[in-house]
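Note that the structure is predicted; figures quoted are calculated from it, not measured.
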2 protein chains.
Amino acid sequence: MKLSEAKQQFIASWGAFGTHWGINRTMAQVHALLLISPDPLTQDDVMEQLSVSRGNANMNIRELIDWGLVDRVIVPGERKEYFTAEKDIWKVATQIIKERKKRELDPMMKLINQLSTVEGDKKDKETKAFLDTINGIKKFGEQADKTLDTMIKSEESWFLSTMLKMFK
Amino acid sequence: MKLSEAKQQFIASWGAFGTHWGINRTMAQVHALLLISPDPLTQDDVMEQLSVSRGNANMNIRELIDWGLVDRVIVPGERKEYFTAEKDIWKVATQIIKERKKRELDPMMKLINQLSTVEGDKKDKETKAFLDTINGIKKFGEQADKTLDTMIKSEESWFLSTMLKMFK
DNA sequence: CTGAATTTTCAAAAATTAATGAAAATTTGT
DNA sequence: ACAAATTTTCATTAATTTTTGAAAATTCAG
């Protein structure tokens with residue numbers, strides 16, 4: 001398989017993959033493109049290589065920056081902004097976990113905690129079933145919360161172990 | 001907060017939550033409804049309680065059965081089919097992980113393995129960057145694959161122990 | 001300060017995804 | 001085997017999400 005073909009394949013598949021995870025296709029494609037680019041790219045590079053409009057490229061690049069997956073790079077003597085993606089896939093995973101935890105797990109747990117205060121007779125079948133479900137989710141969420149925090153915090157030690165692996 | 005209000009809240013939020021995970025709103029709502037129902041429900045119960053059409057209810061119930069999250073229940077002396085959801089949230093999580101692994105991780109790894117055979121000079125910057133990314137994903141995927149298999153096979157306290165192993 | 005380069009916004013259009021509901025198919029009791 | 005009950009299908013419609021591109025805002029060199 002030729003490189004150009006493999007690149008296209010990777011970008012297309014990463015985009016399709018993203019849609020299964022609530023991420024829009026273009027955003028995932030921009031991320032894929034930056035992941036395999038040795039040097040930072042400009043918005044125009046992204047527009048051209050993915051055949052998307054200026055507005056679309058801009059929105060999705062900013063969204064990736066929000067997610068902490070892409071950084072702006074200043075190139076001395078250049079007016080345009082350049083963008084680059086974090087290449088260490090373990091760091092990418094950590095960052096995604098961190099953001100999704102913040103955006104999804106935390107609000108869900110807040111809601112579950114509210115719902116667990118529902119008034120009603122615990123002898124009532126409907127009430128009991130509701131509370132059993134809510135409390136099950138609560139316990140699960142608390143465990144997930146702790147575990148994910150541990151994972152997120154241990155980031156630095158992964159970096160170290162990754163570096164060690166690199167040199168042997 | 002009253003039970004009826006809490007139920008509505010839970011169903012609506014679970015539905016919204018689902019959309020962040022590539023699951024359609026109605027499917028997540030049907031799941032939520034069955035999770036908090038002490039007894040099995042019929043398609044008509046689902047249609048009525050969620051105000052959705054027959055076709056929609058039918059499609060989403062079947063999809064949940066495909067995912068292994070909902071079962072048909074035979075009620076003796078009744079013509080209609082009844083449906084019930086697995087209530088143990090740890091089992092629910094395991095089942096979802098199992099299915100997503102099969103539907104998403106496995107195909108992605110197949111693609112990555114193909115792409116890692118790309119021809120080209122490893123001295124070329126573009127080729128090197130591509131292969132570095134692909135190989136990084138490959139290693140990550142292999143580790144994730146093992147870890148998820150362990151999680152699927154083991155009971156209860158898998159979450160913390162396996163996750164910690166993954167990152168050390 | 002000026003104006004050209006660049007980035008950002010956002011209303012409208014396009015594309016995608018989900019829902020409806022009637023018809024077709026299937027199941028089951030008699 | 002019949003027919004009523006129930007489930008499933010799927011073409012059409014509706015809702016949602018994404019993309020476009022031109023205008024507005026911003027940045028920055030001279």
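With rounding to the nearest 0.5 angstrom, the OG1 atom of Thr127(A) is 8.0 Å from the NZ atom of Lys7(B). To the nearest 0.5 angstrom, Asn58(A) atom CG is 4.5 Å from Gln43(A) atom CD. To the nearest 0.5 Å, atom OG1 of residue Thr26(A) and atom CD1 of residue Ile61(A) are 11.0 Å apart.
Under the 3.5 Å distance criterion, the side-chain polar atoms of Gln95(B) are matched with a main-chain donor or acceptor of Trp67(B). A donor-acceptor pair under 3.5 Å is absent between the side-chain atoms of Asp132(B) and the main chain of Ala129(B), judged by distance alone. Under the 3.5 Å distance criterion, the side-chain polar atoms of Ser37(B) are left unmatched by any main-chain donor or acceptor of Pro40(B).
Ring orientation note: the planes of Phe140(B) and Trp90(A) are nearly perpendicular, at an angle over 60° on the 30°/60° scale.
Closest heavy-atom contact between Leu35(B) and Lys87(B): O-CE, 3.1 Å.
Near DNA chain D, defined here as any heavy-atom distance below 4.0 Å, the residues from residues 35-53 of chain B are Gln43(B), listed numerically. Listed by residue number, the members of residues 18-27 of chain A with any heavy atom below 4.0 angstrom from DNA chain D are Asn24(A), Thr26(A).
Listed by chain and residue number, nothing satisfies the salt bridge (charged side-chain N to carboxylate O under 4.0 Å, His left out) test with Asp124(B) (two or more places apart in sequence, or in another chain).
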Identify all pairs in which a protein N or O lies below 3.5 Å from an N or O of nucleotides 27-30 of chain D, and state each distance.
residue	atom	partner	partner atom	Å
dT27(D)	O2	Arg79(A)	NH2	2.5
dC28(D)	O4'	Arg79(A)	NH2	3.4

Hey, mind stepping through Lys139(A) and Glu142(A) against salt bridge (charged side-chain N to carboxylate O under 4.0 Å, His left out) and telling me if it holds?
CA-CA 5 Å; Lys139(A) 278 185 193 137; Glu142(A) 282 160 0; over 6 Å; no
Before giving the answer on side-chain contact (heavy atoms from CB on, under 4.5 Å), spell out for Thr150(B) and Thr147(B) the whole-Å C-alpha distance, their side-chain angles and the decisive distance to 0.1 Å.
CA-CA 5 Å; Thr150(B) 307; Thr147(B) 304; 5.6 Å; no
Assess whether side-chain contact (heavy atoms from CB on, under 4.5 Å) is satisfied between Ile96(B) and Trp21(B), documenting all intermediate values.
CA-CA 11 Å; Ile96(B) 290 170; Trp21(B) 287 89; over 6 Å; no
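Summarising the geometry, the separation between CD1 on Ile74(B) and C1' on dT6(D) is reported as 13 Å, rounded to the nearest angstrom. Atom CE of Met59(B) is separated from atom P of dC10(D) by 10 Å (rounded to the nearest Å). Between Glu78(B) atom CD and dA5(D) atom P there is a gap of 14 Å when expressed in whole angstrom units. Following rounding to the nearest Å, Arg54(A) (CZ) and dT18(D) (C1') show an atom-to-atom distance of 18 Å.
Salt bridge annotation for Asp44(A)-Arg54(A): present, with a cationic side-chain nitrogen under 4.0 angstrom from a carboxylate oxygen.
Summary for the helix from dC1(C)-dG30(D) to dT30(C)-dA1(D): the axes at its two ends, each from 5 pairs, differ by 30° when rounded to the nearest 10 degrees.
Under the 4.5 Å side-chain heavy-atom criterion for grouping Ile, Leu, Val, Met, Phe, Trp and Tyr, Leu34(B) is not connected to Tyr82(B) through any hydrophobic cluster.
Contact footprint of chain A on DNA chain C: nucleotides with an atom under 4.0 Å from a non-hydrogen protein atom, first to last in 5' to 3' order, dA4(C) to dT9(C).
Where Asn56(A) and Tyr82(A) each meet DNA chain C at their nearest nucleotide, the meeting point lying more 5' is that of Tyr82(A). Residue whose closest nucleotide on DNA chain C sits further toward the 5' end, between Lys80(A) and Gly55(A): Lys80(A).
Exactly one of Leu64(B), Ile65(B), Val73(B) qualifies for a side chain to side chain contact (heavy atoms under 4.5 Å, CB included) with Phe83(B). That residue is Ile65(B).
With 3.5 Å as the limit, one finds no donor-acceptor pair spanning the side chains of Ser116(A) and Asn113(A).
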